[in-house]
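Nothing fancy with the numbering, it's 1 onward along the sequence.
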Amino acid sequence: MNEPTRVRIDQWLWAVRLFKTRTEAADACRGGKVKIGGKSQKPSHEVRIGETLTAHTGEMHRTVKVVGLVAKRIGAPLVPQFMEDLTPPEELSKPREKNFIPTAHRAKGAGRPTKKDRRQMESWEQE
């Protein structure tokens with residue numbers, strides 16, 4: 001594969017699949033959610049091999065090291081050739097914890113929940 005010599009940070013973040021779209025990656029850069037050496041970076045910043053960057057993606061703070069430059073989006077199996085993931089394991093488990101919502105148990109044959117039942121279930125979700 002022919003590696004480019006210069007790649008914008010928003011383009012690289014999108015190519016290694018840290019963000020779903022390049023627009024999301026650029027917005028994260030503009031919002032100060034992508035940092036190199038503790039400094040926020042503009043979307044036009046050129047990434048260099050060996051740099052370690054942190055990106056706030058959703059509920060996680062991902063820490064990655066640039067191993068190679070890539071300008072076009074690549075398949076997930078090829079990502080380790082261009083990025084070394086240094087994110088601690090406790091950060092990687094964060095999204096799973098937040099999405100876990102215990103469901104209320106309803107007896108079989110209880111029928112469809114009434115409006116009162118639904119409001120009660122919604123109040124449990126907010127707590």
Side-chain angles (χ1 to χ4, degrees):
M1 194 184 276
N2 193 6
E3 274 193 22
T5 56
R6 300 187 296 177
V7 178
R8 291 170 50 110
I9 194 167
D10 62 335
Q11 191 173 11
W12 187 85
L13 289 167
W14 165 76
V16 295
R17 300 176 167 267
L18 283 178
F19 290 94
K20 195 170 186 176
T21 65
R22 187 165 168 196
T23 304
E24 283 181 16
D27 290 343
C29 291
R30 281 189 216 100
K33 295 180 179 179
V34 177
K35 298 180 181 188
I36 296 176
K39 288 185 168 183
S40 297
Q41 299 297 321
K42 291 182 179 181
S44 61
H45 173 80
E46 291 181 356
V47 181
R48 295 182 194 93
I49 294 176
E51 284 183 327
T52 302
L53 58 95
T54 57
H56 183 72
T57 59
E59 298 296 320
M60 287 192 289
H61 288 288
R62 301 282 305 264
T63 305
V64 297
K65 182 177 182 181
V66 180
V67 177
L69 299 178
V70 61
K72 294 188 179 188
R73 195 157 172 102
I74 55 173
L78 299 176
V79 169
Q81 295 176 10
F82 300 98
M83 170 186 95
E84 182 182 342
D85 197 354
L86 305 173
T87 308
E90 57 272 5
E91 278 290 323
L92 293 173
S93 65
K94 269 187 178 178
R96 294 184 197 118
E97 292 170 4
K98 181 161 177 133
N99 292 338
F100 176 73
I101 299 172
T103 57
H105 177 71
R106 288 186 51 84
K108 188 173 180 178
R112 186 173 171 184
T114 63
K115 197 173 209 178
K116 182 179 178 181
D117 293 338
R118 183 178 50 79
R119 287 184 179 143
Q120 187 178 16
M121 286 187 281
E122 286 175 356
S123 72
W124 291 336
E125 291 175 4
Q126 293 174 356
E127 292 176 357

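What you find for V7 and V70 is that their closest heavy atoms are CG1-O, 3.5 Å. Of all heavy-atom pairs spanning P80 and P77, the tightest one is CD-O, 3.5 Å. Smallest separation of non-hydrogen atoms from A71 and W14: O-CZ3, 3.9 Å. Taking every heavy atom of both residues into account, V67 and E84 meet most closely at CG2-N, 3.7 Å. Nearest heavy-atom pair, R8 versus S44, reported as atom, atom and distance to 0.1 Å: NH1-CB, 3.6 Å. T87 approaches H61 most closely through the heavy-atom pair CG2-O, 3.7 Å.
Side-chain contact between L53 and L13 is present, with at least one heavy-atom pair separated by less than 4.5 Å.
Judged by distance alone, the side chain of R22 and the main-chain N or O of D10 form no donor-acceptor pair under 3.5 Å. Checking side-chain atoms of E51 against main-chain N and O of V66 turns up no donor-acceptor pair under 3.5 Å.
Expressed to the nearest 0.5 Å, how far CD of E46 lies from CD of Q41 amounts to 11.5 Å. Atom CG of L18 sits about 6.0 Å away from atom CH2 of W12, to the nearest 0.5 Å. In this structure, CG on D27 lies 9.0 Å from NZ on K33, to the nearest 0.5 angstrom. Here NZ of K20 is found 9.0 Å from CZ of R73. Values are rounded to the nearest 0.5 Å. One distance of note links CG of L86 with CZ of R62; it measures 10.5 Å at 0.5 Å rounding. To the nearest 0.5 Å, atoms OG (S93) and CE (M60) are separated by 9.5 Å.
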Next item on the list: Would you check, one step at a time, whether the test side chain to side chain contact (heavy atoms under 4.5 Å, CB included) holds for V34 with H45?
Entry: CA-CA 11 Å; V34 177; H45 173 80; over 6 Å; no

Margin query: Does I36 form a side chain to side chain contact (heavy atoms under 4.5 Å, CB included) with I9? I'd like the steps, not just the answer.
Written below: CA-CA 10 Å; I36 296 176; I9 194 167; 3.8 Å; yes

Item checked: CA sep, side-chain torsions, deciding dist, call: V47, L69, side chain to side chain contact (heavy atoms under 4.5 Å, CB included) -> CA-CA 8 Å; V47 181; L69 299 178; 4.2 Å; yes

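Among M83, Q81, Q11, the one residue that satisfies the side-chain contact (heavy atoms from CB on, under 4.5 Å) test with V16 is M83.
By the side-chain contact (heavy atoms from CB on, under 4.5 Å) test, P113 pairs with R106, D117, M121, sequence neighbours left out.
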